[in-house]
Amino acid sequence: MTPRIDDLYDIALPQQPAVSPAGEAVFVLRRADRAADRDMRALWRAEGPLTSGPADWAPAWSPDGRTIAFLRAAGGPPQLWLLPMCGEADPEKSAEPVTALPLGAGPARWSPDGTRIAFTAPVPGGPIDLDAPVEVDRLDYQADGAGLLRSVTTQVHVLDLATGTVTQVTSRHRHTGDPAWSPDGTRLAFPAALDDDTDLTGNLAAYVLDLETGEDRVVLDGSAGPVTWTPDGRALLVVGRADTRAGHAGLLLVPLDAGQVVDLAAGLDRNVMPGETGYPGARPQVTGDGRAVVFCVRDAGRTDLYRVELDGGPARRVLGGPGHVVSGAALAPDGALVAVVSGPASFGDVVRVEPDGAARTLYDGGRPLLAYQERVFTVADGTTVHGWLLRDPAARGPQPLLLDIHGGPHNAWSGSADPARLYHQVLAARGWTVLLLNTRGSDGYGEVHYTATYGAWGEVDARDFLDPLDELVNEGIADPARLAVTGYSYGGYMTCYLTAHDDRFAAAVAGAPVSDVTAMVGTADLGHHIGVRELAGEPWAAPERYAAMSPLSRVGAVRTPTLLLQGMADLRCPLGQSQQWFAALRERRVPARMVLYPGASHDFVLVGRPSHRADYNRRVVDWVTREEH
């Protein structure tokens, strides 16, 4: 039976596991509320819900295991709440807010003694008048999902639980990342912009702040991400790089005495994944015995959890495998591990792994109808391209085929069930084959593979898509008259690029594409950094190279009927990119349609309104299966 998109959207997705000192696990469960057209998020444990939502997330256990701090957005910006976990049959009845900041608060980081909570919060530089002119003298004046930043910065705050007092402890940095407490509770570490030119350089430093003196100092200058401390308080563990070049993020052991920085993950030649929207993984965590750290890396598409000793040695995989993705993990002091894991047969389960390796499922997520089949292709220049086919195993003979291209370009397909692209399951049930490829530029195959598209978008990776299609046609799997292509973000860019250079596709769906890389560099929120780190320089310095990489330069050759799907509030791949492509196709009488989603940012296909996400999936199916194609 062919599934319906709306039915598949009843899948509930577990996220953000947290484990108490005694090993009790909680997690966030996200599910669509069709009536309210929003996602409901509530705190859960194995026995059932702890809170009723509608927007609860980011649970963090107190050091004594008696309280959970979490974020709740109750008709306004998210605030920190406390949920007692003892003495009440229904803990939610005792939940109470502990912040009331005008622009909300970020996730809680408990002090080691449990008396304080550190967190980041947006801070306005003055009254915010939405009708006043916006003065801009830097490139980082906007952010996808937030819009114009105006005079707002993000600063570290500390809540004293005894008095209820909230103190802002940073001010000189434009934006700071999540703080981490030192083991003795006297210092905070956090990533933040290095200087006033960070909008140009991209330098993000790791800082250590002395809470008594108020002084902070840089301990790592480069590209710093999430930070944590070693148990002795003498070093930081930083996800990032000691430079600002494009490439893998490492797991950097950074001594505070200016000693040598060591990448504990260097031997893997893989990207360390701390986890963020659209990019799975988990923040590094030190084991209860203080001897090792567990962290996630991307490997051949999947995301695995590894362990490495703090004093060095090879890293070893402790959770994961082919087609599986770890998208959140938490450690208990006794070594038990709770993780959210998706795979070929699951959209997402919560799994508990004991120190002896015994595993059990705490929450059983939704199940796909069909599983992806792994494939490996070799393109004309000898490059190996890893991929997957989704196809009814009982099917025989050539089928219509949809090539789906991931974003990034440094994201990757995994072969796990994908709740954001339910059109895969619908098409496969309707007699289609879906092809996913991790071409050059994809994460999980070493840094040389990762950086191969630097300064050569489209030019390097086009054959990585087209040669596997030729092979599948020759094998009798794909019908050459019924090939379609789609993709989102960089995948939308490649959809435009391929249809501008090749006529084989009968239909195309470009989601949030880039059609003109010159315009994108000047208008996107990360445009300058994409230009420098991905396109090998600014457009004014290399206009010919930018023209060669821009699909718009060859739009006159496009004959493929194309559907464009675009969030109107997208600042990562701005609206104008779709508008330019649509206008050019319409002017040339090429069948084209553009669908705009009001208020939708770049990530709306993952976290936007359920009606928008369902509509996106339906339109992909409807466009590629239109009889006139």
Side-chain angles (χ1 to χ4, degrees), residues 12 14-31 39-101 104-121 156-167 178-181 183 185 188 228 282-283 285 288 328-334 336-340 350 352 362-363:
Q15 301 171 322
Q16 301 176 335
V19 181
S20 74
E24 183 178 0
V26 299
F27 55 93
V28 175
L29 196 66
R30 167 188 157 196
R31 65 176 74 205
D39 280 334
M40 299 284 288
R41 288 180 292 188
L43 305 189
W44 279 60
R45 50 186 166 185
E47 307 90 84
L50 273 175
T51 68
S52 57
D56 298 343
W57 73 100
W61 287 90
S62 61
D64 63 7
R66 297 169 61 87
T67 307
I68 296 174
F70 67 99
L71 289 175
R72 170 172 284 178
Q79 303 291 348
L80 280 170
W81 286 59
L82 295 183
L83 179 69
M85 293 297 290
C86 57
E88 280 280 354
D90 181 3
E92 186 173 15
K93 291 181 179 179
S94 300
E96 60 180 10
V98 289
T99 64
L101 298 170
R109 309 299 177 202
W110 289 87
S111 65
D113 62 4
T115 64
R116 293 166 293 170
I117 293 175
F119 60 94
T120 59
V156 178
H157 295 64
V158 173
L159 165 67
D160 185 306
L161 292 169
T163 65
T165 303
V166 173
T167 304
D178 278 346
W181 290 92
L188 288 170
T228 191
R283 294 169 66 101
Q285 299 166 70
L331 276 173
D334 66 357
L337 171 72
V338 175
V340 175
V350 180
R352 180 184 179 93
L362 302 180
Y363 177 82

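- Between Y363 and F27, the ring-plane angle classifies as tilted under the 30° and 60° cut-offs.
- Two residues are said to be in side-chain contact when any heavy atoms from C-beta on lie closer than 4.5 Å; W61 and T67 fail this criterion.
- Between R31 and A12 the shortest heavy-atom distance is CB-CB, 4.1 Å.
- Two residues are said to be in side-chain contact when any heavy atoms from C-beta on lie closer than 4.5 Å; T120 and D178 meet this criterion.
- The two atoms that bring A329 and P17 nearest to each other are N-CG, 3.7 Å, heavy atoms only.
- Listed here is the closest heavy atom pair of R116 and G185: NH2-O, 2.9 Å.
- Scored by the side chain to side chain donor-acceptor pair (under 3.5 Å) test, R72 finds D56, E92 as partners (sequence neighbours excluded).
- For the pair G104 and A121, the tightest heavy-atom approach, listed with the atom from each and the gap, is O-CB, 3.4 Å.
- A donor-acceptor contact shorter than 3.5 Å links the side chain of T51 to the backbone of L43.
- W44 has its side chain out of reach of L362: every pair of non-hydrogen atoms, C-beta onward, lies at least 4.5 Å apart.
- Distance check: R109 CZ to I117 CD1 gives 11.0 Å after rounding to the nearest 0.5 Å.
- Side-chain contact between Q15 and W57 is absent, with no heavy-atom pair separated by less than 4.5 Å.
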Show your reasoning for whether side chain to side chain contact (heavy atoms under 4.5 Å, CB included) applies to D113 and W181. CA-CA 10 Å; D113 62 4; W181 290 92; over 6 Å; no
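- The nearest pair of heavy atoms linking P183 to P112 is O-CG, 3.5 Å.
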Compile the donor-acceptor pairs under 3.5 Å between side chains in residues 76-86 and protein atoms, sequence neighbours left out, one pair per line.
from : atom 1 : to   : atom 2 : distance (Å)
Q79  : OE1    : T99  : OG1    : 2.8
Q79  : OE1    : L101 : N      : 3.1
Q79  : NE2    : L101 : O      : 2.8

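- Between the CG atom of L161 and the CH2 atom of W110 there is a distance of 5.5 Å, given to the nearest 0.5 Å.
- Taking each heavy atom of P59 and I68 in turn, the nearest pair found is CB-CG2, 3.9 Å.
- The closest side-chain heavy-atom distance from F70 to V28 is not below 4.5 Å.
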Got a list of side-chain donor-acceptor pairs under 3.5 Å for residues 18-25, not counting sequence neighbours?
from : atom 1 : to  : atom 2 : distance (Å)
S20  : OG     : A22 : N      : 3.2
S20  : OG     : G23 : N      : 3.2
S20  : OG     : E24 : N      : 2.9
E24  : OE2    : R45 : NH1    : 3.1

